[in-house]
Amino acid sequence: MSELSATQSFMLCALTQQGKWPSTGGIKRSACLVAGGLLELLLDGTLMLDDKKQLYVQRRPAKDKSYLTPLMEYVEQAKPQPINVLVERIASARTAEFGPLLRSVGFSLSAHSAVSVRENPKKPLEMPLFIPQRAVLDTVVAWIRDASWCRCVITDDVQVLMVLLHKSGILFNYFSKYESEECKKRLLDVVNKNPNVRLILSYLEAMGAFFYFDLDERPIDQTN
């Protein structure tokens, strides 16, 4: 995952074959995209979390994180609020807050040739279609498979992606039941041995109860 971040890879995996953000999965899937973006900004020092688990802006995003500027700007303009409230508010407001994030991450995927963009010239405000490039998607899935089966050190981005795919239920759409179980085992192994992943999970858990690490997730339909 030298080019795509965890948030970018998660969006690529979550898109339908037609390039739409799926209607199934509800707020949970959208919340995972928001959480992935906030997590990236927390880990690179753009955002900070105070003792009350409220976010504040420390600095502008780095150039390679510019696709997350809509998140940073929302945090900057919003009144202080717990991070879990922030995640749910952005994820449920498809037009006002979530739309700009989806558009920004989508066009960043296009810059990496990971999606093809189809816009409606008669409706410039309508969300474009971000159609996944199968070869890039297959590469991302291969990264997860390699991380699950080999016992080598895996990057924080891959670890975050594995957690987001697991918590959203999307993991089951790309792997067999046996492979999914192996991926879960790998996640538990990583959580137990890597303090960075425990830090990541502590951030995710602060974002909402549905991010608590468990193994009872079920698949979400990817066809809509």
Side-chain angles (χ1 to χ4, degrees), residues 1-15 21 28-50 53-78 81-91 97-112 114-115 130 136 139-140 143-144 147 153-168 170-171 187 190-191 194-208 210-211 213:
M1 287 181 60
S2 58
E3 293 187 355
L4 297 182
S5 71
T7 305
Q8 290 169 319
S9 298
F10 176 78
M11 178 171 173
L12 183 65
C13 292
L15 289 166
W21 187 253
K28 192 171 186 178
R29 182 174 295 195
S30 298
C32 281
L33 184 71
V34 175
L38 290 175
L39 188 55
E40 284 187 40
L41 296 178
L42 280 164
L43 293 175
D44 82 346
T46 297
L47 301 179
M48 301 294 288
L49 197 62
D50 64 19
K53 298 188 183 301
Q54 295 178 338
L55 284 172
Y56 64 92
V57 176
Q58 180 81 353
R59 59 178 177 82
R60 299 289 299 181
K63 186 177 180 179
D64 64 343
K65 302 290 184 185
S66 60
Y67 56 89
L68 296 175
T69 298
L71 270 183
M72 184 277 299
E73 291 179 342
Y74 181 77
V75 173
E76 192 172 43
Q77 296 167 9
Q81 53 193 303
I83 190 170
N84 62 309
V85 174
L86 188 71
V87 169
E88 292 180 12
R89 182 161 297 174
I90 298 174
E97 287 88 24
F98 186 72
L101 173 64
L102 195 65
R103 183 182 293 266
S104 186
V105 179
F107 278 109
S108 76
L109 285 170
S110 176
H112 286 287
V115 300
F130 298 105
V136 181
T139 299
V140 171
W143 287 330
I144 302 301
V153 176
I154 57 177
T155 66
D156 285 350
D157 267 346
V158 174
Q159 293 164 4
V160 171
L161 177 59
M162 290 170 71
V163 171
L164 293 177
L165 291 175
H166 169 64
K167 296 309 298 180
S168 65
I170 297 173
L171 186 66
L187 276 171
V190 167
V191 169
N194 191 329
N196 287 336
V197 179
R198 288 198 293 273
L199 175 63
I200 289 167
L201 288 173
S202 72
Y203 282 144
L204 287 173
E205 289 172 3
M207 293 179 193
F210 52 73
F211 286 112
F213 191 81

inquiry  = Is there a side chain to side chain contact (heavy atoms under 4.5 Å, CB included) between F130 and V105? Walk through the geometry before answering.
reply    = CA-CA 10 Å; F130 298 105; V105 179; over 6 Å; no

task = Determine yes or no for a side-chain-to-main-chain donor-acceptor pair under 3.5 angstrom, with S168 supplying the side chain and L164 the backbone.
result = yes

message = Between L42 and I83, is there a side-chain heavy-atom distance shorter than 4.5 Å?
response = yes

Distance-minimising heavy-atom pair for L12 and A114 = CD1-O, 3.5 Å

request  = Would you name the heavy atoms of W143 and S9 that are closest together and state the gap between them?
outcome  = CZ3-OG, 4.3 Å

remark   = Nearest heavy-atom approach of C13 to V140 is SG-CG1, 3.8 Å

ask   = Quick one: CG on L102 to CD on E97, what's the gap to the nearest 0.5 Å?
value = 13.5 Å

inquiry  = Once rounded to the nearest 0.5 Å, what's the spacing between atom CZ of R103 and atom CG of L101?
reply    = 12.0 Å

task = Give the intermediate values and the outcome of side chain to side chain contact (heavy atoms under 4.5 Å, CB included) for residues F10 and I170.
result = CA-CA 9 Å; F10 176 78; I170 297 173; 3.7 Å; yes

message = To the closest 0.5 Å, what do you measure between SG (C32) and CE (M11)?
response = 14.5 Å

note = Between L161 and A6 the two heavy atoms that sit nearest each other are CD1-O, 3.8 Å

task = Can you see which heavy atom on Q8 is nearest to which on L109, and at what distance?
result = O-CD2, 3.5 Å

ask   = Would you call P61 and L68 a side-chain contact if the rule is heavy atoms closer than 4.5 Å?
value = no

query = Does a side-chain heavy-atom distance below 4.5 Å link T139 with L4?
reply = no

request  = Quick one: pull up OH in Y56 and OG1 in T46 and give me the separation to the nearest 0.5 Å.
outcome  = 12.5 Å

query = How long is the gap from CD on E40 to CE on M72, to the nearest 0.5 Å?
reply = 14.0 Å

key: Gap between atom CG of L47 and atom CG of L55 - 0.5 Å precision   = 5.5 Å

query = Is V75 close to L38 at the side-chain level, that is, under 4.5 Å between some pair of heavy atoms?
reply = yes

request  = State, with a plain yes or no, whether a side-chain heavy atom of R60 is found less than 4.5 Å away from one of T69.
outcome  = yes

key: Check: W21 and L33 side chains under 4.5 Å, non-hydrogen atoms   = yes

message = Tell me every residue that passes side-chain contact (heavy atoms from CB on, under 4.5 Å) with A111, counting only those two or more places apart in sequence or in another chain.
response = none

message = Would you say S5 and Y67 are linked by a side-chain donor-acceptor pair, where the criterion is simply a distance under 3.5 Å?
response = yes

task = Using the side chain to side chain contact (heavy atoms under 4.5 Å, CB included) rule, pick out the option among I144, L171, D157 that qualifies with M162.
result = I144

Shortest non-hydrogen contact from L41 toward D44 = O-OD1, 2.8 Å

